[in-house]
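Note sheet for the following structure.
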Amino acid sequence: MIKVLFFAKLSEQLGCRELTVESDSIKDCEQLLQYLCEYKDDWSSILNAQSWLKAVNQSMTSNNVVLNDGDEVAFFPPVTGG
Amino acid sequence: MIKVLFFAKLSEQLGCRELTVESDSIKDCEQLLQYLCEYKDDWSSILNAQSWLKAVNQSMTSNNVVLNDGDEVAFFPPVTGG
Amino acid sequence: MISVQEQDFNQQVEYDRLKCKTSIGAIVTFTGLVRDINAGQSVSDLSLEHYPGMTEKCLTDIVEQAKTRWNIIASTVIHRVGQLTISDQIVFVGIASQHRGDAFAACEFIMDYLKTEAPFWKKETMINGETKWVDARETDQQAISKWQHK
Amino acid sequence: MISVQEQDFNQQVEYDRLKCKTSIGAIVTFTGLVRDINAGQSVSDLSLEHYPGMTEKCLTDIVEQAKTRWNIIASTVIHRVGQLTISDQIVFVGIASQHRGDAFAACEFIMDYLKTEAPFWKKETMINGETKWVDARETDQQAISKWQHK
């Protein structure tokens, strides 16, 4: 089970803030993204429209990290706090 | 008439905070310093012991500024505020 | 002290908290406020979303990094979330050090990294009622580079 | 606002004074405190002498220089004189700007120049009763150089 989170503009566009993915075939971030792109009709175009940031277990990474059961993966736009 | 001021460690060593010099023969800072060195017995050694800072009319300068009647000249150690 | 909170904060309280040891010679604070105009448009309100859990972790990491580079006696980072309006306080970073050089550098370093790494997102409501997510600024990304050559 | 004064100042009051316009997005403040140890010796008290007239002129000049280099919406410089003790506030520099880069730079610039140009002199009383005039620090002179290449 992988917990997927979306934030800010991305969560608005997808109409989704949180998702649980229960697929044994997802081994890394790229496979997860592929799965999400096929999750709903318009998700592929939204997820590919710009380069979203990604955090695995609450640490930002641009790598294709290997995923394990219980991992938390978040996708979001560039941050704008402060 | 030239108003001369001393501050901090220098005023303590000279035993003087303020002095009025009424000499028509003092035309610039170097002549003033020469006059002060001869003002009291130990002033020459104190004034030459280290390089004191100098302000003419409340602006710091390292130049030998020309002095006019009514000018204010101050001598003091490197500043240590803040 | 690190806090992500909805409620406002008080300058004197935060200053007094930082001033905790007699070895402190310098306290530098930064406060970020909601400006009336952003990217040329008149703003009326701001809402701040964040990623609970990661936010606190990220701010802790940034402060720890600062502590490896500078002498820091006490530090505070407060970031507000939720609904804010013009001139409201958004963020506070305070650093207490022996000397001012450390306090200035650590405070600006933390703000620069917070701006580009901490998972906060601003959504503005304009005075015409329109809402829009604030775009990340290229200048914030550039601000990071000055810390990578020191 | 520039003030040379014997009385203490209050952080919240000075912050509120700086926060005078809705265009302000960043407020940076520096506060200098009397440290318990200076140059390895335990300090008990501090007395601050200055050159009345020149001090105010010099601080005004430094702030004006900062205004030519950075966008400053409001500024405050307060420097205390007279008798102070451990942890007492000595100096406050506050800058309000649209953006943080200007506020940080202007605040540190003013402190660096104040340290080397403003006619203040500190005399320390040690816990053993000895008094001595504080020596100027070479590092303060070096701090100036970073503003001359920018």
Side-chain angles (χ1 to χ4, degrees), chain C residues 9-38 42-44 73 85-101 103-112 114-115 137 139-140 142-143 146 150, chain D residues 9-38 42-44 73 85-101 103-112 114-115 137 139-140 142-143 146 150:
Chain C
F9 50 86
N10 176 279
Q11 294 285 327
Q12 190 72 47
V13 168
E14 296 313 323
Y15 173 83
D16 291 342
R17 196 200 308 274
L18 285 165
K19 197 182 151 186
C20 58
K21 290 197 179 163
T22 54
S23 55
I24 294 169
I27 294 179
V28 172
T29 74
F30 171 85
T31 307
L33 306 169
V34 181
R35 281 188 297 130
D36 57 359
I37 294 181
N38 193 25
S42 291
V43 177
S44 110
I73 297 173
T85 188
I86 301 298
S87 285
D88 274 357
Q89 302 187 123
I90 305 172
V91 57
F92 177 88
V93 177
I95 303 291
S97 296
Q98 278 187 281
H99 301 291
R100 72 185 187 286
F104 273 115
C107 191
E108 190 168 12
F109 173 92
I110 289 170
M111 271 311 300
D112 284 349
L114 184 157
K115 278 270 179 185
R137 298 197 314 160
T139 51
D140 285 330
Q142 289 160 2
K146 70 172 171 289
K150 282 183 183 172
Chain D
F9 50 87
N10 176 280
Q11 293 287 326
Q12 190 72 48
V13 168
E14 296 313 324
Y15 173 83
D16 291 342
R17 196 200 309 274
L18 285 165
K19 196 182 153 187
C20 59
K21 289 194 179 166
T22 53
S23 55
I24 293 169
I27 294 178
V28 172
T29 74
F30 171 85
T31 307
L33 306 169
V34 181
R35 280 188 296 131
D36 56 0
I37 293 181
N38 193 26
S42 292
V43 177
S44 109
I73 296 172
T85 188
I86 301 298
S87 286
D88 274 358
Q89 302 187 122
I90 305 172
V91 57
F92 177 89
V93 177
I95 302 291
S97 297
Q98 280 186 281
H99 301 290
R100 74 185 185 287
F104 273 114
C107 189
E108 191 168 12
F109 173 93
I110 290 169
M111 269 312 300
D112 284 348
L114 183 156
K115 278 268 178 186
R137 297 198 314 159
T139 51
D140 285 330
Q142 288 159 3
K146 70 171 171 288
K150 281 184 182 173

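Values below: every heavy atom of this structure, side chains too, minus hydrogens, waters and symmetry copies. Numbered from 1 within each chain, the chains take letters A, B, ... in sequence-line order. The shown structure was predicted, so the numbers you read here are calculated from the model rather than taken from an experiment.
Between the side chains of C:T22 and D:S87, no donor-acceptor pair of N or O atoms lies under 3.5 Å.
In this structure, chain D has no heavy atom under 4.5 Å from any part of C:N38. Contacts between D:A143 and chain C at a heavy-atom distance below 4.5 Å involve the side chain alone, from C-beta outward. Of the two parts of D:I86, only the side chain, counted from C-beta on, holds a non-hydrogen atom closer than 4.5 Å to a non-hydrogen atom of chain C. For chain C, no part of D:V93 is nearby; none of its heavy atoms comes within less than 4.5 Å. Looking at D:D16, neither its backbone nor its side chain comes within 4.5 Å of chain C, counting heavy atoms on both sides.
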### Task
For C:R137 and D:H99, run side chain to side chain contact (heavy atoms under 4.5 Å, CB included): C-alpha distance rounded to whole Å, both residues' side-chain angles, the deciding distance at 0.1 Å, then the answer.
CA-CA 12 Å; C:R137 298 197 314 160; D:H99 301 290; 3.4 Å; yes
### Chi angles and distances behind the side chain to side chain contact (heavy atoms under 4.5 Å, CB included) call for D:T31, C:K19
CA-CA 10 Å; D:T31 307; C:K19 197 182 151 186; over 6 Å; no
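The aromatic ring centres of C:F104 and D:F30 sit less than 6.0 Å apart.
Salt-bridge formation is not detected for the pair C:D36/D:K21: no Lys NZ or Arg NE/NH1/NH2 atom is positioned less than 4.0 Å from an Asp or Glu carboxylate oxygen.
Between chain C and the residues D:G101, D:A103, D:G94, D:C107, the largest count of heavy-atom pairs under 4.5 Å involves D:C107.
Scanning both residues, D:Q98 and C:R35, for their nearest heavy atoms gives O-CD, 3.4 Å.
Between C:V28 and D:V28, the closest side-chain pair of non-hydrogen atoms falls below 4.5 Å. Counting only heavy atoms from C-beta outward, the side chains of D:E108 and C:R100 never approach each other to under 4.5 Å.
Side-chain N or O atoms of C:Q11 include none that pairs as donor or acceptor with a backbone N or O of D:Y15 at under 3.5 Å.
We find the CG-OG distance between C:L33 and D:S23 to be 10.0 Å, quoted to the nearest 0.5 Å.
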